[in-house]
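Okay, structure first, notes after.
Quantities reported herein were computed from a predicted structural model and do not represent experimental measurements. A, B, ... follow the sequence lines: proteins, then strands. Residue 1 opens every chain.
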Number of protein chains: 2
Amino acid sequence: MPDEKKPAFAGNITADDVAAEAGVSRWTVNRAFRKDASISSKSLEKVRIAAERLGYVPDLRAASLASDRSNLVALLIDDFANPHKLVMMERLTRILRREGWDILLVNTLDRADAGHALLNASQRRVDAVILIGIQFDDEVLDTALHARRFRKLIIFARTSRNPNTISIAVDDVHAMREIANYVHERGYRRPMFLAGPRTSSAHLLRKETFVDYWRQHFGSEPETVSVAAYDPALAAGIVEDALMARTKATLPDILVCENDALAIGATDVIRHKLGLRIPEDIAITGFDDVPQAEGANYRLTTYRQPLTDMAEYLVKVLGSEEDRDFDRLFAGKLMVRDSA
Amino acid sequence: MPDEKKPAFAGNITADDVAAEAGVSRWTVNRAFRKDASISSKSLEKVRIAAERLGYVPDLRAASLASDRSNLVALLIDDFANPHKLVMMERLTRILRREGWDILLVNTLDRADAGHALLNASQRRVDAVILIGIQFDDEVLDTALHARRFRKLIIFARTSRNPNTISIAVDDVHAMREIANYVHERGYRRPMFLAGPRTSSAHLLRKETFVDYWRQHFGSEPETVSVAAYDPALAAGIVEDALMARTKATLPDILVCENDALAIGATDVIRHKLGLRIPEDIAITGFDDVPQAEGANYRLTTYRQPLTDMAEYLVKVLGSEEDRDFDRLFAGKLMVRDSA
DNA sequence: GAGCATTTTGCACGCGGGAGCAAAATTAAT
DNA sequence: ATTAATTTTGCTCCCGCGTGCAAAATGCTC
């Protein structure tokens, strides 16, 4: 046995080894590592010492296999160009971990790939799937839900009409009306709405709400432009195309953006390609309140999602055994800065 | 049995069920789902059909338990304020998944938490740990490595002197010299170096290299300023403090930043708080080439890391059974734009 | 078509630990 | 001290699949 020299790796120390070392049975060892277990403080101590000495940690694969609870959730994400994703991930991962959930991260390349991503997750027997991406059509969701390979499918920061999913999101309708009112109050009259990609399963109601509300309350029909992804660089290109050729009179006086990713791209191009000032020549609003929105460069008027509250609610939902309707909308907060 | 109405969830369909359905043995079913397996195309087809009908997918927990290979790697990350992290994650997750690796994402809160994060990973019996965070001191690494709970510990985008880790990174020394030469060639003579936090285990050699090289080759000693995290907002504050009170004559003529996160924060504050022009009043260089560095707003002169090549090399290392020194440095590319 | 090589299939056993119950030990009550 | 109530411990059986080998099936040669 030539490779016996270096002690392989210590993953193979099992509860049996610890049991022998501590002079108790294997089951007592395992109990020592479960929080609910009924165990005497004496043997708990013995086990702790023995485990420490041997470097034992319970194997969660085996525990999961036997108990049919993995304490694992899959986080499905795409759309890596959107800086808000980083914020969401930070918040979710921190809070999930605090509550004892491990995270399987799956990068969903595109719509066609979503099915594979879900399959991936189900093979690890995750307890729940959290979607913070957008590339899911209803067909994929239905397939996944029909197979029922996980207990919960949570759509985070998007609303969904699918009755079998749990949607935890900010109240877009309420938010967008607040933005519309604010925009109108500040005297803007020719808004243009900059929208992201339209998806069928994980919605945002921002564009629809803004356009309908503006039409109904302020009489005019806002222009709308759409970008194929929440990517500042892409948004910059689209906005340049849309505004470049215009005379100042035909320019919108404000660009209402579906989120900050778009707003940031728009800001850059308006300043540096069109040579216009913000907000004097054209104002801008965003949505999400990403970190850079607050920075000296953008000073973006935007709408903050209560991500921490949403994540806290998410872990509560994850922990719940009930089988009720967990959908919930949160109220955010309009952050008024200099851009509008 | 009241909860027998809705078909629970289908995770509990096992290879035995498929075997019965297909008229073969359980082992044949499992073989049908392994890539190496020796199986006749006839029974493969039978199994596929039966599995399809029943909605069976193999349980990777069990497979991993039995084979002692989890096909799981842990990705340890902190430092979520740095936009480059999003790029790294996108690249890594995409390429790892393409090669069949699943990813356990662990948000490492701080230095003290790193041990727990590693423990987390080891309980899932990951095959390898990838660090793309920085909050690791040598003590934690040594403990982890001593316990040898995983086969490989890879430090991505950082160099490490620890002989038991695998470091895959850009060649900072080479890169920084190139930057120093470029800066000097362009006529800058009073550089200030803006550094990030200093850590003991996962290094960057940028500051040391730049300062030493500049001193040796160009005679003067560059000022240096340090920021506690790679966070644009933090960097902005530090730069403001460092430069605010100065007269134009005592200002550095270029700010050489350890990475783009710092450069971006610095750019914002220099333009909008100090009211200076870039590069006319003060130039800036970064490192990493994050997406926004290319955008119209920053046009940042920076150094691109070959992330794709690095990630491809990483999966090659992961797949290798050899036990040799896998450390490797990559050459990047100076991206000259408008900021310097 | 017999005889042999080669592929395919089935099987006992093991991976590490959980659920639930019965035996043992401890504590409380009389 | 004795019995009953309670806690702790050990144990059997199982979770779902891989390993390595033996049995069965198939292919090949002459």
Side-chain angles (χ1 to χ4, degrees), chain A residues 8-48 50-51 54-72 100 122-127 149, chain B residues 8-48 50-51 54-72 102 122-127 149:
Chain A
F9 66 135
N12 42 13
I13 290 173
T14 164
D16 279 311
D17 303 332
V18 180
E21 174 87 10
V24 297
S25 74
R26 174 174 79 70
W27 297 272
T28 304
V29 173
N30 289 336
R31 265 191 276 264
F33 285 90
R34 255 173 291 160
K35 57 177 183 300
D36 55 322
S38 139
I39 189 175
S40 72
S41 51
K42 205 187 310 170
S43 33
L44 186 87
E45 196 51 28
K46 281 197 290 187
V47 171
R48 284 162 88 85
L54 269 52
Y56 167 78
V57 282
D59 187 327
L60 255 40
R61 299 170 305 179
S64 157
L65 187 59
S67 70
D68 204 38
R69 294 230 150 247
S70 60
N71 259 279
L72 231 200
S122 70
Q123 294 204 205
R124 297 273 174 200
R125 300 297 190 260
V126 298
D127 288 333
R149 295 234 184 70
Chain B
F9 66 133
N12 42 16
I13 290 173
T14 165
D16 279 313
D17 303 332
V18 180
E21 175 85 12
V24 297
S25 75
R26 173 174 78 69
W27 294 270
T28 304
V29 172
N30 290 337
R31 267 195 273 267
F33 285 89
R34 253 174 292 158
K35 56 177 182 300
D36 55 322
S38 140
I39 189 175
S40 72
S41 52
K42 204 188 308 173
S43 34
L44 185 88
E45 196 51 27
K46 282 198 289 186
V47 171
R48 283 162 89 86
L54 269 52
Y56 167 80
V57 283
D59 187 328
L60 254 40
R61 300 171 303 179
S64 157
L65 188 59
S67 71
D68 203 39
R69 294 234 152 240
S70 60
N71 260 278
L72 232 199
D102 285 342
S122 70
Q123 294 200 223
R124 297 274 174 198
R125 300 296 190 263
V126 297
D127 288 333
R149 294 232 184 70

Note to self: Using 0.5 Å steps for rounding, measure from the OG atom of B:Ser64 to the CG atom of B:Asp59.
What the structure shows: 9.5 Å
Notebook entry, point to check: Hey, does A:Leu65 reach any base, or is it just sugar-phosphate, or nothing, if we go heavy atoms under 4.0 Å?
Noted result: base
Next item on the list: Check for a donor-acceptor pair, side chain of A:Asn30 on one end and backbone N or O of A:Trp27 on the other, with a separation under 3.5 Å.
Entry: no
Notebook entry, point to check: So does B:Thr28 get a side-chain nitrogen or oxygen closer than 4.0 Å to the phosphate oxygens (OP1/OP2) of C:dT8?
Noted result: no
Next item on the list: Measure from the side-chain N and O atoms of B:Asp127 to the backbone N and O of B:Asn71, and report whether any donor-acceptor pair falls under 3.5 Å.
Entry: yes
Next item on the list: Just call it for A:Arg61: base, sugar-phosphate, or nothing, with non-hydrogen atoms closer than 4.0 Å on any strand.
Entry: nothing
Checklist line | B:Ser43 side chain, from C-beta outward: closest of D:dG16, C:dT9, C:dG17 | finding: C:dT9
Checklist line | Separation of atom CZ in B:Arg125 from atom P in C:dG16, rounded to whole Å | finding: 8 Å
Notebook entry, point to check: C:dT9 P sits how many Å from B:Lys42 NZ, rounded?
Noted result: 8 Å
Note to self: Measure CG/B:Asp59 against P/D:dG16 and give the value in whole Å, please.
What the structure shows: 7 Å
Note to self: Measuring from the side chain of A:Arg34 (C-beta onward, heavy atoms only), which nucleotide among D:dG10, C:dG18, C:dG10 has the closest atom?
What the structure shows: C:dG18
Check: Between OG of A:Ser40 and CD of A:Glu45, what distance do you get to the nearest 0.5 Å?
Finding: 10.5 Å
Item checked: Presence of donor-acceptor pair under 3.5 Å, side chain of B:Arg31 and base of C:dG10 -> yes
Checklist line | Distance-only donor-acceptor test, A:Arg26 side-chain atoms vs C:dG17 base atoms, 3.5 Å | finding: yes
Item checked: Atom pair distance, as rounded to whole Å: CD in A:Glu45 and P in D:dT9 -> 13 Å
Notebook entry, point to check: Can you check whether B:Ser67 has a side-chain N or O nearer than 4.0 Å to OP1 or OP2 of D:dG18?
Noted result: no
Margin query: Please pick, from D:dG18, D:dT9, C:dG18, the nucleotide with the shortest atom-to-atom distance to any side-chain atom of B:Asn30.
Written below: D:dG18
Notebook entry, point to check: Given atom CG of A:Asp16 and atom C1' of C:dC15, what is their separation to the nearest angstrom?
Noted result: 11 Å
Next item on the list: Assign B:Phe33 to base, sugar-phosphate, or nothing according to its heavy-atom contacts below 4.0 angstrom with the strands shown.
Entry: nothing
Notebook entry, point to check: If you check the B:Ser40 side chain, which of C:dC15, C:dG17, C:dT9 turns out closest?
Noted result: C:dT9
Notebook entry, point to check: Hey, is the side chain of A:Trp27 pairing donor to acceptor with the base of D:dT12 inside 3.5 Å?
Noted result: yes
Checklist line | Atom pair OG1 (A:Thr28) and CG (A:Leu44), whose distance is rounded to the nearest 0.5 Å | finding: 10.5 Å
Check: More 5' along DNA chain D: A:Ser38 or A:Ala66, using each one's nearest nucleotide?
Finding: A:Ser38
Notebook entry, point to check: With a 4.0 Å cut-off on heavy atoms, is B:Ser64 in touch with a base, just the backbone sugar-phosphate, or nothing at all?
Noted result: nothing
